K.L.:
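Would you mind keeping the following structure in view while I ask a few things?
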There are 2 protein chains.
Amino acid sequence: MGILERKEREKEHRREEIIAAAQSIFLDKGLQLATMDEIAEAAELSKGTLYLYYKSKEDLYLAVVMRGVEIMYELFKRATSTGEPVMKLISNLGDAYFEFFKNNWQYFRMMYFRDNPRLHQQVSSEMLNVCLEQDRRVWKLVIDLIQRAIDEGYLQKNISPVQAGIILWSNSTGLMRQMDRGDNYWQEQMGVNLEETLRLSNALLLDAMMTEKAKQEYPSMVI
Amino acid sequence: MGILERKEREKEHRREEIIAAAQSIFLDKGLQLATMDEIAEAAELSKGTLYLYYKSKEDLYLAVVMRGVEIMYELFKRATSTGEPVMKLISNLGDAYFEFFKNNWQYFRMMYFRDNPRLHQQVSSEMLNVCLEQDRRVWKLVIDLIQRAIDEGYLQKNISPVQAGIILWSNSTGLMRQMDRGDNYWQEQMGVNLEETLRLSNALLLDAMMTEKAKQEYPSMVI
DNA sequence: TTAATTAATGACTAACAGTTATTTATTGAG
DNA sequence: CTCAATAAATAACTGTTAGTCATTAATTAA
């Protein structure tokens, strides 16, 4: 009874084709300016068919966002699998996030969607759960790494690894979003280099979190 | 020739009335779900009239956002005008931002709009400039305060006040946005209290920025 | 009183997300 | 091979909404 399986594969394949078409449009125009008709044309399908595979425009959008998260995950995985000492890996992880931003800023922008509760109105709960699950993967990677650094005595025990993760993440994200503004406000009006500011802020946070042992072993990370 | 002036006043008044109506709708429903017809009805005007006063829905939205920024500015002004020592004022400022978030989370959400370049498509350049100008006021307040702390020898000279401001701001904003998620993800799934995390991250950053003198004079701010 | 100017209206258009009745393609039984 | 049943895809359609514009109402100055 291989027919059902083949059909399942073909269905999955079609879902992927639709994502690919949606991706090219969404990355280019963003959620608001992209239209389902346009995506249908790019996918060489009718609009109705799109709705056989995805419940709403927002669902389809999130499916594309998840591809971006996948890219990010792979970058993170690679950056933390070099076998280097744990504090170096944490530093690598920060760099990897910044690399992701620089090379995939369109995906980075698409992700804005995810933390605006107002925009989630049209998203199906299934899709939302799939997203949460994928998030968890990324966060597990981050948190496990920080836990390791604590266990090895490099980061202070009184800060929970989750807290440390959120703090470092929020900080980097906030600064990269400033970089992503259309204008060059900070550079031009204020004479501030945001890339340098990002490095500084990560250094400040890590410096405040590191133990004495870490500061001795990684003098280059001390400010 | 007082007639022209009166007309000018009336026009300004009408603009305010429209903002008031728009505010009640936008705070409630957000940009996407609010409709211009609905706002027109709330303002007891026809939709056409709205467009005599504001160029687009997004322009009107930003006019409302600016009221939120005004509220924030006044809170910041008050928090930093108590005559207390400068490091206490910086701490007050952080608290004031958090208070703003707690008491005006709808405005806080509306402000998401401002750093998504994709959403700005429909905004007139005039409105954008007015916004930039109002931003500058808030930032001047923050940066001047930090500059004072540097001048008085409490914050390290090698960090520019603008950089310090952006870092503290990004960090707080990022964490408050996590708090603003519909779900209680961090609390429920990860057992992390975000309010505590916010305090911690601010403390970490300030600790890393403070001079020895500051740490001696403000032992409570040392971690 | 009236012509001219300004303010306001509401019917209209165009665009777009999402639906549904219909058509086309595929499958499996006789 | 035929044909009924099922699945996949379509395209015309609906409802909603941002934004426009021709028309009407109100105000002003001569």
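In what follows, chains are A, B, ... by sequence order, proteins preceding strands, each numbered from 1. Remember, predicted model here, so these are calculated numbers, not experimental data.
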K.L.:
Determine which pairs satisfy side chain to side chain donor-acceptor pair (under 3.5 Å) with at least one residue from residues 74-83 of chain B, sequence neighbours left out, and list them in order.
P.N.:
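Sorted result for residues 74-83 of chain B: B:Thr82-B:Glu84.
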
K.L.:
Counting only pairs under 3.5 Å, give me each side-chain donor-acceptor contact of residues 141-150 of chain A, with atom names and distances, residues two or more places apart or in other chains.
P.N.:
unit_1	atom_1	unit_2	atom_2	d
A:Asp144	OD2	A:Lys140	NZ	2.6
A:Gln147	NE2	A:Asp151	OD1	3.0
A:Arg148	NE	A:Glu152	OE2	3.2

K.L.:
Considering non-hydrogen atoms only, spot the tightest contact between A:Gln32 and A:Leu119 and give its length.
P.N.:
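Minimum heavy-atom separation between A:Gln32 and A:Leu119: NE2-CD2, 4.4 Å.
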
K.L.:
Hey, mind stepping through B:Glu10 and B:Arg15 against salt bridge (charged side-chain N to carboxylate O under 4.0 Å, His left out) and telling me if it holds?
P.N.:
CA-CA 9 Å; B:Glu10 281 173 357; B:Arg15 277 178 72 89; over 6 Å; no

K.L.:
With sequence neighbours excluded, tell me which residues meet salt bridge (charged side-chain N to carboxylate O under 4.0 Å, His left out) with B:Lys11.
P.N.:
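Result, salt bridge (charged side-chain N to carboxylate O under 4.0 Å, His left out) vs B:Lys11: none returned.
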
K.L.:
Heavy atom of residues 26-45 of chain A under 4.0 Å from DNA chain D: which residues?
P.N.:
A:Leu45

K.L.:
Nearest whole angstrom, please: distance from the P of D:dA18 to the CD of B:Gln122.
P.N.:
11 Å

K.L.:
Who passes ring pair (Phe, Tyr, Trp, His ring centres under 6.0 Å) against A:Phe26, sequence neighbours left out?
P.N.:
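By the ring pair (Phe, Tyr, Trp, His ring centres under 6.0 Å) rule, A:Phe26 matches A:Tyr61.
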
K.L.:
Taking all heavy atoms of B:Leu205 and all of A:Ser201, pick out the closest pair and write down the distance.
P.N.:
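Heavy atoms only, the tightest pair is CD2-O, 4.3 Å.
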
K.L.:
Should we count CD of B:Glu12 as having more than 12 external heavy atoms under 6.0 Å?
P.N.:
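Enclosed: over 12 neighbouring heavy atoms sit under 6.0 Å from CD of B:Glu12.
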
K.L.:
Under 4.0 Å from any atom of DNA chain D, heavy atoms only: list the residues of residues 13-23 of chain B that qualify, in numerical order.
P.N.:
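None - not one residue of the stretch has a heavy atom sitting under 4.0 Å from the strand.
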
K.L.:
Enumerate the residue pairs fulfilling salt bridge (Lys or Arg N to Asp or Glu O under 4.0 Å) with a member in residues 55-64 of chain B, sequence neighbours excluded, ordered by first and then second residue.
P.N.:
B:Lys55-B:Glu126

K.L.:
For A:Asp115, enumerate each residue passing the side chain to side chain donor-acceptor pair (under 3.5 Å) test, keeping only those at least two apart in sequence or located in another chain.
P.N.:
A:Arg177

K.L.:
Which pairs pass ring pair (Phe, Tyr, Trp, His ring centres under 6.0 Å) with one or both residues in residues 164-199 of chain A, sequence neighbours excluded?
P.N.:
A:Tyr97-A:Trp169, A:Trp139-A:Trp169, A:Trp186-B:Trp139

K.L.:
Rounded to the nearest Å, what distance is computed from the CG atom of residue B:Leu60 to the C1' atom of nucleotide D:dT17?
P.N.:
15 Å

K.L.:
Suppose we screen for salt bridge (charged side-chain N to carboxylate O under 4.0 Å, His left out). Which residues come up paired with B:Glu44, at least two apart in sequence or across chains?
P.N.:
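For B:Glu44 there are no salt bridge (charged side-chain N to carboxylate O under 4.0 Å, His left out) partners, ignoring immediate neighbours.
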
K.L.:
If you apply the rule side chain to side chain donor-acceptor pair (under 3.5 Å), what do you find for B:Thr197 with A:Gln163, and how did you get there?
P.N.:
CA-CA 6 Å; B:Thr197 308; A:Gln163 278 187 319; 3.1 Å; yes

K.L.:
Between the opening five pairs and the closing five pairs of the helix from C:dT1-D:dA30 to C:dG30-D:dC1, how far apart are the helix axes, to 10°?
P.N.:
20°

K.L.:
Rounding to a whole Å, what distance do you find between B:Lys11:NZ and D:dT28:P?
P.N.:
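One finds 14 Å between P of D:dT28 and NZ of B:Lys11, rounded.
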
K.L.:
When you measure from every atom of DNA chain D, which of residues 48-59 of chain A have a heavy atom less than 4.0 Å away?
P.N.:
A:Gly48, A:Thr49, A:Leu52, A:Tyr53

K.L.:
Given atom CZ of B:Arg9 and atom P of D:dT27, what is their separation to the nearest angstrom?
P.N.:
16 Å

K.L.:
Under 3.5 Å, is there any donor-acceptor pair linking the side chain of A:Lys47 to the base of C:dA17?
P.N.:
yes

